[in-house]
Each structure stands twice: as structure tokens, then as C-alpha cells.
Amino acid sequence: MNPTITSAVLPEDALEAFAGAVRDAVAARYPQAEAANVAFEAPRRPEFGDFATNVAFSLAKVARRSPNDVAAGIIADLEASAPNVTALFASIEAVAGFINLRLAPVVWQSLVARIVRDGASFGRRDGDSPRISLEFGSANPTGPLVVVQGRALAIGDTLARAFRYCGYGVFVEWIINDAGSQVETLARSLYARYCQNFDASYPFPEDGYPGDYLLPIAQTIVERDGEKWRDASESEWLPYFGQFGRDTIVAEQRASATRFGVQYDLWQSEKELRASGRMDEDLAKLAQMGLIYESDGAKFFRTSEFGDDKDRVIIRRDGSPTYFAPDIAYHYEKLSRADRVIDILGPDHHGYIGRLKAAAAAMGFPGHLEIMISQLVSLMRGGETVSSSKRAGNIITLDDIIDEVGVDAARFFFVMLATDSPLTFDLQLATEQSNENPVYYVQYGHARIASVLKNADASDVEAAHAVPSLAALAAPAELALARRLAELPKVVRGVVDHLAPHRLAKYARDVASDFHQFYSECRILVDDRETRLARLALCIAAKTVLAEVLDLVGVSAPESM
RNA sequence: GCGCCCGUAGCUCAGCUGGAUAGAGCGCUGCCCUCCGAAGGCAGAGGUCAGGGGUUCGAAUCCCUUCGGGCGCGCCA
């Protein structure tokens, strides 16, 4: 074996060296062609190797030869011009115009060594830029978090973790919609519950918030203040009940988010945003730019000049601001302190995207605001549809879901599908500890590795951690697992670049699958010490990557189950 | 009516911004525990990628169009 390549050559190094050598070879052979763009992809079929590149296709025209001839010519050139590069590959073949590459086992062995050495920081980048502002889950402070917010929380928090892994500075925030008429409605509903405590016939407001969740809050007021508010005038009790209800419910929402594993950096009150004067300042600035005009006694923002369907009212005829006004101020603030601002909105906010993006553009940040819509979630239990209606008062809360299926299953299921496709969540399936349940499949993989490491001699495990010679790793299942583990950084980067957290769920299943296959084909605790230590090291690497992926989606990685 | 998303195996869904014989899980049929966790592995059956046109060496992927679904179009938030 070539001694120069036994010292840590990682897959990406090998590919980069190969790409460079190909560019040189192409430049020498086809000087009339543009500089070759050498990109690699992972072929679907294992017999096509670890990686493939399609450079030959774009050269075929210039070369006036078939792609396969071009590919074969390039390979022949490389053998002569860059033997130190071709030595990194077990095979380099021209097939149907592609150049198929199989890395030398030693490269995969270096990668396993790298993961064992780096541990949880494998592939992770330090840093805090660019700065990302992520807002998700935000709700009216009028009731508990429900299922659709659960999905937004799972998606948003997974994205936040992925961004951090990639070295971005992430700021996670929530806006409390506490400035509109809904707080008044909350106050009336809560007051009715309070009065019903003394007089069951007290009427509940028609547009009030039903459901049982206001009962304990009313009870708290009863216990503290007794009948004090029964004869008070509305101007007295309304602000009190509004504030108390709002504060209590926001605290409960925070508790639910925390229980779900989601930590926020900022809970921004919309009411506070108005009171601070920032909103008025920003609106004045827009007016100065000539972007605000009066019509019908109301004030309009010329969002249509920035791509929106039509202009939007920001100050009503009665002088009060619409919801859009403080949101402009909030987004202006976010855009000022972050390089990218990402909102995850609910499925009923399609119509809001245009005006928000227009506002961002008008304020001098075109293209800095990205909006994701997290689609509907419908609940099933077994084959039955579970109905949840806010109006009917039989809402199913995020806490209900956590109680029934646990945080792990809930987070995995919420993140499993592409964000823009509707999700059917089967509660029964999520609780089943069976092979129908993808969460357990992945967690089982992790627990199984932990079990093997427990069965092994402690001294062997220690030796494996110290990264022994891994030359024994050569079986297809071993190399396939190593190749899969190597993908982690690339997968996370894809999650971030495409705002597609569901790829992590898919990747987690792939890693588990490759491990299980390795496990059934290669016995780990064999007599031969070198093989045993090498396989233990591979187990440690697989466990590291599985734990990392599970952590990115906020799911625990159990040592046993 | 206008705008956004979607249509892939019996079911639920992937398909890495255009690549090779379209994949996975579940379900179905059959195998595999004297041995590290069978919550596992292997094999098989199952497809006109909604239909039609176009772009090019090459399309599930990009463009046009028809059909079929979901959602959004307040001086609500």
C-alpha cells in the first residue's frame, strides 16, 4: 500500500484532488473547451461505485466524440499524469459516459477514524455568521398550543439546530399577538368563566373561546380575589382579565414549547412593539419615502410596487393600526439585526406572504426574508379521523399529543414529511413499539450499538476509541456504512440550503438501515483482535452519527430500550 | 375569477435543483436466531411518475397546456 495515502485522506479530499486532476487533463486535451465543471453525485446503484461524475457529457460536443470515449480518454490521461490521485481509488471506470469512482478502502477507513476522533463535533462548524433570525410557532395568546403549532415547532427547532451545526448564528423568536381584539375576547371569555363559578347561568359570549382550558385560570382568580370582580364595571375588569389571561396563557405556551425541547431567545410582544413607538417611527419613514397614501379615510402602504397583488391598509379609517403595521416594525427590526430572516407560518397565511416580502423590499432588504408555510396536520388514531375544532371546543393540544405519544415520536413524525406537504399523523402508529414505527427503528439502531459496546471488553472499547488500525474494514457492508456516515455534513448542509428538515429523518433511517445490514453481515466481537477493534471503531462512529442526527431532530438516543 | 402548493407501487411518502434499469417503509409471499438485542436481515411480486405537447445527448425533475385535489385571496389576527 502506498505509504503516502495511509495518513488521513478523507473522501472529500480525494474527490477534490480528482476534480483538480480532471480539470487539468481536460484543459490539456481540449484547450478549446471551457473550464470543466466537475461535480460528483452518488449513483443509485451500488455497482456504479461510490461517486460518479458526468463531465464527459458536456465535452462530447466539443470533442466530437461519444461521451464514453471522452470519459475513457480522460481516465487514461489521469493514470499517466496523476498516479498519486488515482491511487486513492479502488476503481475508476468509464460506463455509459459517466466516470464511476470507487474510493480505496483506506480513504473510508480514514473517515471512520476521523469520526471516532471528532465525536459529537464531527462535521460541525464553529462560528456565528451569517446571522439567521428564525420565527416559528407564534400564536394568539388565547389558548394552548395546538397540533399545527407543534409541527411548526418541530420544523423550526430542527432547522435552528441544523443552522447551528453549520456554523450560523441563530436567533429563535416568537411574536405574541397580544394587541388585537382577540385579547378583549379572551377577557370576556375568562370573565364569563369567573362569573359562572358563582352563577352557572351567567351567559358565555357568543364569539368567546370555548374549551376547558380557561376554567383553571378563572379558578385562580376566584381563589385570589373572591367575588371582588362580580360587581365591578367592565372598564375595570376588562383590562385585568385580559392581562391576567394573556400572561397565564403565554406562560403555558412557553412551558409547552420547553417541554417539547424548544428554547426561544425572544418572546416579542406586539403590544409592546406598539407602545415603544418603533411602529410609528417606521411608518413615518415609509410615509417619507412616499409609500403611504390615504384613500377612503384609511392609510394604505404601496406594497403592490414591490410585487404584492394590491396595496394594503395599515391604518384603518378609525385610526387604529391593522395587524400588518406592528408586523412591519417587527420585521424591520429583525432584518436590521440578521442577514437572513425566516418565518414559518401556518397554512392559513398564504395571502400574507406577498405583503411581508414587499415590506422587506421596501425597507431596503429585498430577498432577505424567506417564508415557509407549514402545511396542515390531520390526526388519526388507528383508522379513525380525530376531529379537532376550536369552535366546538374539543381542541387537541400539543400537550395532549406529547402525553399520548411522547416527545420523541411527536418530533420525528412532525419533521418526517416535506414541510409543504400535508401531514397525516397517526397517533396509534406513533405509540406502537413495532417495526411499523420509524422512530423506533432508528432508536433501536442506537440502542443495539450501545448493547454491543457493553458486551465488548472495556479494554477493547477503550482501544477502539484510541483509533487503532482500521485496515480490516473492507467488507461491502462495512464500507457502505462508512460511506453513509460520511454524508452527515452534506446532508445537514442540504437541510439548511433547501430549508428541508425532513431530509434528516430520511437520513436517520438510512444510517440505521446500513448499520443493521452491517450488523447482520459482520459479526463484531470476533476472535481476531484487529478486526474486532476495527469493527468496534466503526460501531462507535455509527453511534456518534446516529446520536447526532437524532439530536438535530430533537429526539433522544437511548442506550437501551 | 386570480395566486400558491400538490398529483410517483394497494397505502403513506422519498427522489439530493436534468443523469444510468424510478426508490424506501407499511401491507402481501417465502426464507434467516447453537452465536454481539429478530424492535433485525435477505429474496420476490407490485409503476404509462395524472394526460398531452415542448426544450436536449438525457426529463418524475425545467417550460406550455388539459384534467383532478388542497389552501389562500378582510379596514380579522
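Quick note on labels: first sequence line is chain A, next is B, and so on, each numbered from 1.
- Side-chain atoms of A:Gln149 come within 3.5 Å of backbone N or O of A:Val146 as a donor-acceptor pair.
- Backbone-only contact: A:Arg503 has heavy atoms under 4.0 Å from sugar-phosphate atoms and none from a base.
- Across all strands shown, A:Ser66 has no heavy atoms under 4.0 Å from either base or sugar-phosphate atoms.
- Below the 3.5 angstrom threshold, one finds no donor paired with an acceptor across the side chain of A:Arg44 and the base of B:rU21.
- Backbone-only engagement by A:Asp348 is indicated by non-hydrogen atom pairs under 4.0 Å involving sugar-phosphate atoms exclusively.
- Atom CG of A:Leu345 is separated from atom CD1 of A:Ile353 by 6.5 Å, given to the nearest 0.5 angstrom.
- The listed nucleotides are B:rU17, B:rA38, B:rC75; the one nearest the side chain of A:Arg448 is B:rA38.
- Of the candidates B:rA14, B:rG41, B:rG37, the closest approach to any side-chain atom of A:His516 belongs to B:rG41.
- We find that CG of A:Asn54 is positioned 15 Å from C1' of B:rU61, with the value rounded to whole Å.
- Residue contacts shown for A:Lys454 are absent, as no nucleic acid heavy atom lies under 4.0 Å away.
- In this entry the base of B:rC33 is syn relative to its sugar, with a glycosidic angle within 90° of 0.
- Distance CD (A:Gln375) to P (B:rC71): 9 Å, rounded to an integer number of Å.
- Nearest to the side chain of A:Ala447, among B:rC75, B:rG37, B:rG40, sits B:rG37.
- B:rC11 and B:rU55: their P atoms are spaced 34 Å apart (whole Å).
- On a pure distance criterion of 3.5 Å, a polar donor-acceptor pair joins the side chain of A:Ser451 and the base of B:rG37.
- The nucleotide whose nearest atom lies closest to any side-chain atom of A:His350 is, among B:rC71, B:rA39, B:rA77, B:rC71.
- Residue A:Asn100 is classed as a base contact, given a heavy-atom separation below 4.0 Å to a base.
- A:Lys61 comes within 4.0 angstrom of the backbone, heavy atoms only, and of no base.
- The heavy-atom pair separating A:Pro141 from A:Leu186 by the smallest distance is O-CD2, 3.4 Å.
- Listed nucleotides: B:rA77, B:rU17, B:rG23. Nearest to the side chain of A:Asn140: B:rA77.
- Within the 4.0 angstrom heavy-atom criterion, no nucleotide atom of any strand lies near A:Ala456.
- Atom CZ in A:Phe98 sits roughly 14 Å away from atom P in B:rG18 (whole-Å rounding).
- Looking at heavy-atom distances under 4.0 Å, A:Cys522 makes contact with a base.
- A:Val526 comes within contact range of no nucleotide atom at all, as no heavy-atom separation falls under 4.0 Å.
- Among the protein residues, A:His349 comes within range of the nucleic acid bases, having at least one heavy atom under 4.0 Å from a base atom.
- In the set B:rG37, B:rA14, B:rA20, B:rA14 carries the atom at the smallest distance from any side-chain atom of A:Lys506.
- Minimum atom distance to the side chain of A:Lys310 is reached by B:rG74, of the listed B:rG74, B:rA77, B:rA14.
- Rounding to whole angstrom units, CD of residue A:Gln517 and P of B:rG25 are separated by 10 Å.
- Between A:Ala418 and A:Ile99, the one whose closest nucleotide on RNA chain B sits nearer the 5' end is A:Ala418.
- Comparing A:Ala42 and A:Asp178 against RNA chain B, the residue whose closest nucleotide sits nearer the 5' end is A:Ala42.
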* To do: Decide yes or no on salt bridge (Lys or Arg N to Asp or Glu O under 4.0 Å) for A:Lys357 and A:Asp308, but give the supporting numbers first.
  => CA-CA 8 Å; A:Lys357 288 197 164 178; A:Asp308 196 11; over 6 Å; no
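- Using a 4.0 Å cut-off, some side-chain N or O of A:His502 falls inside it from OP1 or OP2 of B:rG15.
- Across B:rG69 and B:rA50, the matching P atoms stand 16 Å from one another, rounded to whole Å.
- Distance from the side chain of A:Arg355 is smallest for B:rA77 among the nucleotides B:rA38, B:rA77, B:rA60.
- Look at the C1' atom in both B:rA45 and B:rC28: the space between them is 8 Å, to the nearest Å.
- The P atoms of B:rG18 and B:rC62 are separated by 8 Å, rounded to the nearest whole Å.
- Nucleotides B:rG53 and B:rU17 are separated by 28 Å at their P atoms, to the nearest Å.
- Glycosidic conformation of B:rU17: syn, with the torsion inside 90° of 0.
- Using C1' as the reference atom, B:rG10 and B:rU29 are 15 Å apart when rounded to the nearest Å.
- Side-chain proximity of A:Tyr441 to B:rG41, B:rC6, B:rA20: nearest is B:rG41.
- A cation-pi contact links A:Arg448 to A:Tyr519, judged by a cut-off of 6.0 Å to the six-membered ring centre and 45° from its axis.
- Only the P atoms considered, B:rG40 is 11 Å distant from B:rG25, to the nearest whole Å.
- Put simply, the side chain of A:Asp327 and the base of B:rA77 share no donor and acceptor less than 3.5 Å apart.
- With P as the reference atom, B:rC16 and B:rG72 are 29 Å apart, rounded to whole Å.
- Residues A:Asp309 and A:Arg355 are not paired through a salt bridge, judged by the lack of any N-O separation under 4.0 Å between the basic side chain and the carboxylate.
- With A:Ser138 contributing its side chain and A:Ile175 its backbone, the two residues share a donor-acceptor pair below 3.5 Å.
- Per the stacking criterion (ring centres < 5.5 Å, plane angle < 30°), A:Tyr444 does not stack onto the base of B:rG40.
- Using a 4.0 Å heavy-atom criterion, one finds that A:Leu417 contacts the sugar-phosphate atoms exclusively.
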* Please walk me through it: do A:Lys506 and A:Asp510 pass salt bridge (Lys or Arg N to Asp or Glu O under 4.0 Å)? -> CA-CA 6 Å; A:Lys506 166 98 161 50; A:Asp510 289 341; 3.2 Å; yes
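- When heavy atoms are screened at a 4.0 angstrom cut-off, A:Asp309 is found touching no nucleic acid atom at all.
- Contact annotation for A:Ser421: backbone-only contact, meaning every heavy-atom pair under 4.0 Å involves sugar-phosphate atoms and none involves a base.
- By the stacking rule of 5.5 Å between ring centres and under 30° between planes, A:Phe48 stacks on the base of B:rA20.
- The side chain of A:Met561 sits closest to B:rA39 out of B:rA39, B:rA14, B:rG19.
- Across every non-hydrogen atom of A:Ala542 and A:Leu481, the tightest pair is CB-CD2, 4.3 Å.
- Here A:Phe324 lies out of heavy-atom contact (under 4.0 Å) with every strand.
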